[in-house]
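Single-structure report; data block below.
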Amino acid sequence: MEFSITILGCNAALPGYREITSAQVVNVHEHLYAVDCGEGMQTRLGRYGLKRNKIDAIFISHLHGDHVFGLPGLLTSYAHYERRSPLHIIGPAGIREMMNTMMRLSHAWIEFDICYHELDHAGMAEVYRDRHVKVSAFPLRHRIPTYGYRFEEVWEMYNIRREKIAEYGLDAAMIRAAKRGEDVTMEDGRVIPYGHLVYGRPHIRSYAYCADTVYDEAIAGHVRGVDVLYHEATYLDDMRDKARERMHATSVEAAMTAREAGAGRLLLGHFSTRYGERDVFREEAERVFSPVELAYEGLKVTVQREKYLERSEKIL
Ligand SMILES: [Zn+2]
Ligand SMILES: [Zn+2]
């Protein structure tokens, strides 16, 4: 079952000729979740074969334009795609007013329910859950209210060991019980521990998204142990003062958070358009943490069930 992240854009502030601003899609068990919607996001969905009607929820980090100006375009586009299923939009307080104002003034035709979940909490809190994924939000430190998101695969059932079905003559109800993690009572009164009948719990895959933020020690606690950490690195480390002033992070600061969190791998993004050459971001970050990968449009990072067997590929 899939667990992957596709980068659709990772420029800071301004879309470029080739790359748009922050936009991603997380795929958990073939269900899609968008994270930030930079301007032009819907064109990238089409380019990478990601079906917009399969997006169940959209997570917005904050209301700066480079993270949200693609959202009104995406929402109004659904009139052409006959969307009927509800869409969850999770973001800082104000997201509802922002979208409703645009939809009202542009007389947008929305024929499905939009369920807004506005965030205004401190610390870590679960903000979304369905049968495939659980998402928690935690505050970042930026110029306006901003949240990071942690995605964790929801895993409900154990897998039964096929050979045990015949060995014990398990019926359907017994199999269901073992899969739920309940011990099974046989007709003769024997109790078979479920652990004897099922495979062990697989690794629960996780991903965290942190943009935009200044370096803050508290973030590592919220993203502890994730398989993949996406962290903004707007500037190289010689611009640490500028980063602090603008409430952004540098390559090295992103790596410090990954190291403190014990992340499986670090994905850097949200690069300032002042830099033409991006390899230096990785070189700087790798002095502190490894492995580091640079985000780019079309990069798909897949996390396998077996920990640390991730795979990255360019899909176009
Ligand atoms: Zn930004
Ligand atoms: Zn921002």
Side-chain angles (χ1 to χ4, degrees), residues 5-26 34-44 58-74 89-99 102 118-120 137-150 207-216 218-219 222-223 229-237 239-255 257-258 266-276 278 281 285 294-297 299:
I5 304 103
T6 300
I7 307 295
L8 301 179
C10 56
N11 269 11
L14 296 170
Y17 173 66
R18 286 187 8 235
E19 285 189 308
I20 63 169
T21 59
S22 298
Q24 312 186 350
V25 171
V26 179
V35 188
D36 277 343
C37 285
E39 206 178 324
M41 188 214 192
Q42 56 171 316
T43 65
R44 288 350 192 232
I58 298 174
F59 298 85
I60 298 294
S61 62
H62 63 304
L63 301 186
H64 277 156
D66 56 328
H67 297 254
V68 75
F69 283 174
L71 187 53
L74 177 63
I89 296 180
I90 298 95
I95 182 86
R96 182 202 305 259
E97 181 189 351
M98 189 182 209
M99 288 306 124
M102 285 192 195
E118 294 195 295
L119 310 180
D120 187 18
F138 50 92
L140 298 172
R141 277 180 58 209
H142 192 44
R143 302 195 299 278
I144 60 174
T146 304
Y147 284 88
Y149 294 101
R150 178 180 179 128
Y207 169 63
Y209 177 87
C210 296
D212 299 352
T213 187
V214 75
Y215 173 73
D216 180 352
I219 297 171
H222 297 312
V223 301
L229 170 65
Y230 175 94
H231 198 289
E232 76 129 288
T234 308
Y235 299 107
L236 289 172
D237 210 48
M239 296 191 72
R240 201 175 267 225
D241 291 344
K242 173 89 170 173
R244 213 147 284 164
E245 180 191 317
R246 303 290 299 159
M247 303 290 279
H248 282 297
T250 69
S251 51
V252 169
E253 290 169 331
T257 296
L266 172 63
L267 196 51
L268 293 177
H270 199 272
F271 305 113
S272 166
T273 49
R274 75 178 60 224
Y275 301 106
R278 290 179 177 171
F281 281 89
L294 302 182
Y296 58 85
E297 181 188 313
L299 174 71

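Atoms within a ligand are numbered from 1 in the order they appear, just like the ligands themselves. Numbers for residues simply follow the sequence, beginning at 1. In this text the structure is predicted, and so the values were computed from the model without any measurement.
Closest N/O/S atom of D66 to the Zn ion (ligand 1): OD2. Distances from the Zn ion (ligand 2) to each N, O or S atom of H64 single out ND1 as the nearest. Nearest N, O or S atom of D212 to the Zn ion (ligand 2): atom OD2. Closest N/O/S atom of H62 to the Zn ion (ligand 2): NE2.
When distances to the Zn ion (ligand 1) are checked against a cut-off of 2.8 Å, H248 contributes no N, O or S atom below that limit. Counting backbone and side-chain atoms alike, H67 contributes no N/O/S atom closer than 2.8 Å to the Zn ion (ligand 2).
Surrounding CD of E118 are more than 12 heavy atoms belonging to other residues, nucleotides or ligands, all under 6.0 Å away.
Ring-plane geometry between H142 and H64 is classed as perpendicular, the angle between the planes exceeding 60 degrees on a 0 to 90 degree scale with a lower cut at 30. H62 and H67 have tilted rings, their planes meeting at an angle from 30° to 60° on a 0 to 90° scale.
Proximity of L267 to L299: side-chain heavy atoms (C-beta onward) are separated by under 4.5 Å at one or more points.
In plain terms, the two heavy atoms of Y275 and L236 that are nearest each other are OH-N, 3.1 Å.
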